[in-house]
Each structure stands twice: as C-alpha cells, then as structure tokens.
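Below is one structure, written out as structure tokens, with a few remarks after it.
One-based numbering, in listed order, for ligands and for the atoms of each. Below, each value reflects all heavy atoms present in this structure, side chains not excepted, and no hydrogens, waters or symmetry copies.
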Amino acid sequence: MSQIGGVQSWCLGVTLQLVLAAVLHQGFATVAPPTTAQTTAAPHKEPGRPEKGIYHVTSSNGTTCLLASMGLQLNITFSSVSQNKTVQDVVNLQPNVTVSSGSCDSESASLRLTTDAEKTNLTFFFSLNTTSNKYHLSEVSLSALWPDMKEPFSARNRSLDYLRGTLGYSYMCREEQTLNVAQDLSINTFQVQVQPFGLTGDQFGAAEECQLDEDDMLIPIIVGAALAGLVLIVLLAYLIGRKRSHAGYQTI
Ligand SMILES: *[C@@H]1O[C@H](CO)[C@@H](O)[C@H](O)[C@H]1NC(C)=O
Ligand SMILES: *[C@@H]1O[C@H](CO)[C@@H](O)[C@H](O)[C@H]1NC(C)=O
Ligand SMILES: *[C@@H]1O[C@H](CO)[C@@H](O)[C@H](O)[C@H]1NC(C)=O
Ligand SMILES: *[C@@H]1O[C@H](CO)[C@@H](O)[C@H](O)[C@H]1NC(C)=O
Ligand SMILES: *[C@@H]1O[C@H](CO)[C@@H](O)[C@H](O)[C@H]1NC(C)=O
Ligand SMILES: *[C@@H]1O[C@H](CO)[C@@H](O)[C@H](O)[C@H]1NC(C)=O
Ligand SMILES: *[C@@H]1O[C@H](CO)[C@@H](O)[C@H](O)[C@H]1NC(C)=O
C-alpha cells in the first residue's frame, strides 16, 4: 500500500509543480514589463504603454475607407541640442493631440497622423494586390521637428511588408510588435486593429489575428494538455495500484 501511495503522491507532486510553474509563468508574464522598464530606465526614462487611438480616413463620398485602432510608440535616434550628442528617445504618440487624415484609392491607401502644431508627421501607406486580394503596410514616412532636435528628422522606407491582411478583413495584433523602418527609426505598435481596404458600413470586417497572438494562445493550450495528460497518468497509477493490491490480498 505504501509503495502505491508513494507513486500517487509523486504524481501529485509533479502535477502540483507543473500547476505552480504555469501559474508563476503567467504571473511573471504580467508582472515583468514594469520591473524591466524600471531597471532599464536608468539613462533616460521610458514612457509607459502608449494610449490607444482610433483613426479614420474618410473618402470623398463621406464613408470611412480606412480605420485603425492602435497605440503607437516611436523609437527614434536624433542629435539632441540639450545633450550635444546623438540620443535615442522613445516617445508615445498621444491620441488626444493627434489628427488623422489620408487618402484611399483602389490599390493604395494612406493614413497620415499629425501631432500638435505639426511637430510630427507620420504616414502609413498600404498597398492592395488585386490579384491575390491581400494588403500590407508597404511604406512608412516620418518627419519631425521637436524642440530638442538639432535639425529636422526625416525617415522613409518604401519597401516594407508588415500588417498583412486579406481584403474585406481587418488585421489584428494584440501583442506588441516592432516595425523597423530605418536605422534611426522603429515603431512599436500595441493592440493594432487596422483595415485599409474593403470596409463595410464604417466598421471593421472580421479580424485576422497575427502570428504572435496565435503563439501566445498556444501556451495555455499546451499547459492544459500537459495537465490533462498528468491527471490521466495519476488515474492510471491509481487503478494499476488498486489492481495490484487486490492481487496481493488474494494471495495472502
Ligand atoms: C464611396 O466610395 C467608395 C470608394 O471610394 C466606394 O467603394 C463606396 O461604395 C462609395 N459609397 C457610396 C455610398 O457611394
Ligand atoms: C529602441 O531601438 C533600439 C535599437 O535601435 C533598441 O535597442 C531598444 O530596445 C528600442 N527600445 C524600445 C523601447 O523599443
Ligand atoms: C558639442 O560637442 C562637440 C564635440 O562633440 C564640441 O566640439 C562642442 O563644443 C560641443 N558644444 C557645446 C555647446 O557643448
Ligand atoms: C492628453 O492626454 C494626456 C494623457 O492622457 C494628458 O496628460 C494631456 O493633458 C492631454 N492633452 C490634452 C491637450 O488634452
Ligand atoms: C500579387 O499577387 C500575385 C499572387 O500572389 C503575385 O504573383 C504578384 O506578383 C503580386 N503582385 C504584386 C504587385 O505584388
Ligand atoms: C508636417 O506637415 C505640415 C503640412 O504639410 C507641414 O507644414 C509641417 O512642416 C510638417 N512638419 C514637419 C516636422 O515636417
Ligand atoms: C526598409 O525596411 C526593410 C525591412 O525592415 C529593410 O530591410 C531595409 O533595409 C529598409 N530600407 C532602408 C532604406 O532603411
């Protein structure tokens, strides 16, 4: 009996350890960002998560032809007047002081975001392939003139391939994503949902989730499957143990 009890408690121990590991993993996943932000903030302070903005582009007939909902963070390298050297700065785009405009054509669409007093002009260009009915973010341009900049900043990349979606669907990514635009500019996106083509009734179409989100959902599924497997093993060990002990009693 004690041997069987040993097997059972060992299995239970492993199960508990796994549950604990899963809980801790979840805990760290949610707790980690603030702590790392605090430790790496030493040189110059990092902003928190950017606020989510909702941006529209309206076509000539008054219907919304491009819709985007996202938090944006610029990671930009420029020469600073106050520090007299090249610095790297991470700046959130504040939706309440950002104005959107843009244009929509059959195979291209643009979203232009201008912040207060036109100090920052950020433009996203989307392309639609009418053969495959797929769209993507193909170009980003940024011009900025912030108070601490020695000279106006400008960056443009016309050969990007981000935020890939299908005509009639919106592209969605809950996870943070980095769009590398140029050596001195990258853009971090948070909770993006965007649809540059084929909107119906000023609304997002069904969402196509990005790979990052799908990977993130895999973890709970794997943990769940592992736990189910362990429960099965414990149950089997118990049943086998019971059978063996029955046999033992019969021989006595
Ligand atoms: C408005 O124009 C877009 C193209 O720019 C077209 O797809 C849409 O059907 C038009 N809507 C109306 C109500 O005319
Ligand atoms: C900004 O970009 C640099 C590399 O260019 C990278 O090392 C750094 O982690 C980025 N910071 C953020 C907050 O994305
Ligand atoms: C800025 O730095 C350069 C060399 O890096 C130096 O020659 C110049 O005097 C500095 N200017 C100021 C205002 O400190
Ligand atoms: C915009 O929002 C930020 C943070 O939510 C706030 O600090 C700022 O005062 C707001 N600015 C305006 C012009 O409303
Ligand atoms: C559009 O998609 C088709 C099919 O995937 C591809 O063969 C073609 O090269 C694409 N066109 C452009 C302009 O990318
Ligand atoms: C942003 O665009 C506006 C209008 O085209 C322009 O007047 C302004 O100078 C631009 N700002 C920067 C920093 O380039
Ligand atoms: C444009 O972006 C692509 C993909 O991030 C990169 O490979 C390429 O070097 C960039 N081009 C320029 C001019 O920065």
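Nearest heavy atom pair, residue F124 against residue M70, reads CE1-CE, 4.1 Å.
Using a 4.0 Å cut-off to heavy atoms of N180, the atoms of ligand 7 that qualify are 5 (O). Of all the atoms in ligand 7, the ones that sit under 4.0 Å from a non-hydrogen atom of N157 are 1 (C), 2 (O), 3 (C), 8 (C), 10 (C), 11 (N), 12 (C), 14 (O). If you number the atoms of ligand 7 from 1 as listed, the ones under 4.0 Å from a heavy atom of Y162 come out as 5 (O).
The disulfide (SG to SG under 2.5 Å) analysis of residues 184-223, with sequence neighbours excluded, yields the pairs C173-C210.
Between the side chains of T166 and E208, at least one donor N or O lies within less than 3.5 Å of an accepting N or O. The closest side-chain donor-acceptor pair between E139 and N157, if any, does not fall under 3.5 angstrom.
Polar contact check, Q94 against ligand 4: no nitrogen or oxygen pair lies under 3.5 Å apart.
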Would you check, one step at a time, whether the test side-chain contact (heavy atoms from CB on, under 4.5 Å) holds for T189 with L179?
CA-CA 8 Å; T189 65; L179 316 177; 3.8 Å; yes
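In this structure, K134 NZ and N129 CG are separated by 10.0 Å, a value rounded to the nearest 0.5 Å.
Counting only distance, with no hydrogens or angles, the side chain of S59 and the backbone of T63 share a donor-acceptor pair below 3.5 Å.
Of all the heavy atoms of V97, the ones lying under 4.0 Å from any atom of ligand 4 belong exclusively to the side chain.
Residue-level contacts of ligand 5 at the 4.0 Å heavy-atom threshold are N129, S132.
Using bins of under 30°, 30° to 60° and over 60° for the plane-to-plane angle, the ring pair Y135/F126 lands in the perpendicular bin.
Residue S138 forms a side-chain hydrogen bond (donor to acceptor under 3.5 Å, both in side chains) with just one option from S127, S159, S108, and that option is S127.
Contact annotation: V181 has at least one heavy atom less than 4.0 Å from an atom of ligand 7.
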